[in-house]
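Note on naming: letters A, B, ... go to the chains in the order of the sequence lines (proteins, then strands), and numbering restarts at 1 for each one. Hydrogens, waters and symmetry mates are skipped; everything else that's a heavy atom, side chains included, is used.
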Number of protein chains: 2
Amino acid sequence: MEFTKENGALAVEVLDLMFRATRHIQHEYEMKLESLSLPFQLSGPRLRLLLMVWRAEKIRMNELASKLGVKPRTVTELVDALERDGVLQRTPDPDDRRATLLHLTEDALNQITRVRMVQMQISDEILQNFTAEERTRLHALLSKFFEGMEFDFVY
Amino acid sequence: MEFTKENGALAVEVLDLMFRATRHIQHEYEMKLESLSLPFQLSGPRLRLLLMVWRAEKIRMNELASKLGVKPRTVTELVDALERDGVLQRTPDPDDRRATLLHLTEDALNQITRVRMVQMQISDEILQNFTAEERTRLHALLSKFFEGMEFDFVY
DNA sequence: TATTGTTATACTCTATAACTATA
DNA sequence: TATAGTTATAGAGTATAACAATA
């Protein structure tokens with residue numbers, strides 16, 4: 001599609017709307033997460049990290065950083081907080097003594113099903129105005145942002 | 001739509017994808033904004049505020065806060081930075097001596113056309129995988145998040 | 001020499017609470 | 001008594017740079 005002022009104006013409107021919608025949704029999402037009275041506090045970024053560790057079972061801080069799309073220093077920060085809250089643990093990597101492996105604590109593993117279920121309920125509630133077909137179409141459209149992207153682009 | 005685990009799982013996937021796409025886009029967007037060598041630094045939140053002041057011509061900090069969906073204290077912070085950079089100015093509101101009006105500087109007004117044009121180009125580039133029809137459909141779907149919302153919901 | 005994760009430091013965005021000046 | 005915006009303070013998320021341990 002060739003660039004014209006009209007195309008540009010439409011593009012700005014689409015992205016603007018997307019940013020606004022996401023802001024709005026994230027507000028709601030975080031408020032609902034906070035009101036859960038889990039044994040640990042989960043913000044958006046913390047939940048994202050938590051679920052990534054959970055899916056991997058165990059993972060290096062290194063790899064986690066690149067999957068999250070943040071710098072290793074940021075992972076150190078987040079992990080410090082989550083370890084303090086008893087959500088996950090560091091263990092030395094037996095294969096490389098420079099590296100650190102992360103895994104969830106027993107406690108977090110026991111809570112994870114509930115967390116996932118609540119996540120589904122929150123998400124479903126936020127999408128209450130959308131039919132199943134609309135959800136699928138939105139998913140398909142959003143996927144286009146990642147089209148033609150090298151390797152497994154995670155975050 | 002009735003809640004089932006399947007609906008919930010789809011809803012989570014949709015929002016997860018939306019968050020990831022937005023993160024990704026915001027990264028690109030901010031990088032491109034930075035590489036513009038404007039006479040002032042524009043992050044996402046600063047641009048958002050700047051454009052809102054521009055559209056209003058003049059506006060109270062108060063009203064701006066509610067339109068941006070942030071607290072007045074946050075506006076003070078952002079405005080401090082933008083005033084330091086010569087982007088906008090505070091003037092006392094003649095109608096209410098408690099209030100402060102904001103307006104763009106001459107300098108910012110001279111740059112704004114360029115900023116808007118670049119914004120269009122960046123946005124168009126980010127949406128390069130989307131046809132005009134897909135853009136319109138995405139816009140329509142995203143609008144649904146705001147359906148049934150009271151008053152003019154801005155941010 | 002390169003990589004892993006840390007300490008040290010800092011910046012941006014955001015907020016709550018207490019306060020000042022005005023309404 | 002209520003409102004507009006500030007000072008004072010804080011916390012989350014993010015980053016860069018220098019460094020120690022290890023590869």
With a 4.0 Å heavy-atom cut-off, tell me which residues in residues 73-94 of chain A come close to DNA chain D, sorted by residue number. A:Arg73, A:Thr74, A:Glu77, A:Leu78
Within residues 43-66 of chain A, find the residues that approach DNA chain D with a heavy atom at under 4.0 Å, and present them sorted by residue number. A:Ser43, A:Pro45, A:Arg46
Who pairs with A:His139 by ring pair (Phe, Tyr, Trp, His ring centres under 6.0 Å), at least two apart in sequence or on another chain? none
Would you kindly check if the NZ (Lys) or CZ (Arg) of A:Arg48 is within the cone defined by 45 degrees around the ring axis of A:Tyr155 and under 6.0 Å from the six-membered ring centre? no
Going from CD on B:Glu6 to CG on A:Asp124, what distance comes out if it is rounded to the nearest 0.5 angstrom? 11.0 Å
Kindly state which residues belonging to residues 16-27 of chain A come within less than 4.0 angstrom of DNA chain D, counting heavy atoms of the residue only, listed by number. none
Which atom pairs link the protein and nucleotides 18-23 of chain D when you take only N or O atoms and keep those under 3.5 Å?
residue, atom, partner, partner atom, Å
D:dA23, OP1, A:Arg97, N, 2.9

Find the distance A:Lys71:NZ to D:dA17:C1' and express it as a whole number of Å. 13 Å
A:Lys144: what forms a salt bridge (Lys or Arg N to Asp or Glu O under 4.0 Å) with it, not counting sequence neighbours? A:Glu147, B:Glu134
For the pair made of OH in A:Tyr155 and P in D:dG13, what is the distance, rounded to whole Å? 18 Å
So, B:Gln89 side chain and B:Leu102 main chain: donor-acceptor pair closer than 3.5 Å or not? no
Salt bridge (Lys or Arg N to Asp or Glu O under 4.0 Å) for B:Arg135 and A:Glu13? Distances and angles first, verdict last. CA-CA 10 Å; B:Arg135 293 174 192 206; A:Glu13 265 186 60; over 6 Å; no
Separation of atom CD in A:Glu34 from atom P in D:dG11, rounded to whole Å: 15 Å
side-chain hydrogen bond (donor to acceptor under 3.5 Å, both in side chains) partner of B:Tyr29, the single match among B:Gln119, B:Glu34, B:Glu125: B:Gln119
Parallel, tilted or perpendicular, as decided by the 30° and 60° cut-offs, for the rings of A:Phe145 and B:Phe130: tilted
Given atom CG of B:Leu42 and atom C1' of C:dC13, what is their separation to the nearest angstrom? 15 Å
